[in-house]
Amino acid sequence: MQPSEQVLGFQAALLAAVTPFTESGGTAAAFVTDPGEGIGQSTRDWVEGCVPAQIGPGRCTAHVTLGFTTLDDLVSLEAEPFDAFCIRPPAVAVYRLGARRPGAQGRVTAG
């Protein structure tokens with residue numbers, strides 16, 4: 001996915017808006033969970049390092065998740081030619097981090 005300048009600008013503006021409200025050392029209590037669900041240390045570590053490691057120029061940018069498949073099918077799909085196309089979403093959705101399981105809840109949309 002090749003982000004446009006608008007996407008990169010939105011990412012930078014979002015980061016600037018939330019930075020004053022962030023701090024280091026969050027615990028599992030900072031996460032929204034389903035009853036009985038726990039938040040592992042690996043998830044907390046990922047969140048702690050996400051911004052410096054994965055956001056900004058030359059790092060991970062916004063992406064689109066289209067669904068699940070088997071590893072064999074993914075290898076096959078990635079080997080085939082692919083025509084570029086534009087995505088112009090009318091809204092943005094942010095999915096919470098946590099256990100990946102069928103039926104997981106927790107989407108917040110803005111648009």
Side-chain angles (χ1 to χ4, degrees):
M1 180 173 194
Q2 298 297 320
S4 68
E5 289 300 317
Q6 290 173 313
V7 168
L8 294 174
F10 176 73
Q11 185 184 56
L14 180 60
L15 180 57
V18 301
T19 295
F21 305 100
T22 62
E23 59 184 63
S24 182
T27 68
F31 292 80
V32 175
T33 60
D34 290 329
E37 180 184 22
I39 299 297
Q41 185 63 47
S42 63
T43 299
R44 293 193 307 267
D45 291 346
W46 185 88
V47 169
E48 181 82 24
C50 176
V51 171
Q54 298 189 32
I55 294 178
R59 297 188 181 100
C60 182
T61 58
H63 64 278
V64 176
T65 301
L66 300 175
F68 295 96
T69 189
T70 65
L71 186 55
D72 289 339
D73 287 342
L74 179 61
V75 169
S76 176
L77 286 169
E78 288 180 333
E80 296 177 17
F82 186 78
D83 293 328
F85 60 93
C86 292
I87 298 173
R88 292 183 175 85
V92 175
V94 177
Y95 290 83
R96 75 172 184 200
L97 300 173
R100 292 185 178 174
R101 64 191 185 288
Q105 300 296 309
R107 182 178 72 172
V108 177
T109 58

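These values consider heavy atoms only, across backbone and side chains, with no hydrogens, waters or symmetry-generated copies. Predicted model, so just to flag it, every value in this text is computed and none were measured.
A distance of 8.0 Å separates CZ of R44 from CD1 of I39, quoted to the nearest 0.5 Å.
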**OP:** Start with the C-alpha distance between F31 and E37, add both sets of side-chain angles, then the distance that settles side chain to side chain contact (heavy atoms under 4.5 Å, CB included), and finish with yes or no.
**Re:** CA-CA 10 Å; F31 292 80; E37 180 184 22; over 6 Å; no
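Side-chain contact check for T70 and D73: at least one donor-acceptor pair (N or O, by modelled atom type) lies under 3.5 Å.
The closest donor-acceptor contact from the side chain of E48 to the backbone of G25 lies under 3.5 Å.
Residue-environment remark: CD (E23) stays at or below the threshold of 12 foreign heavy atoms within 6.0 Å.
Two residues are said to be in side-chain contact when any heavy atoms from C-beta on lie closer than 4.5 Å; Q11 and L15 fail this criterion.
Applying the side chain to side chain contact (heavy atoms under 4.5 Å, CB included) rule to E5 yields the partners L8; only residues at least two apart in sequence or on another chain are considered.
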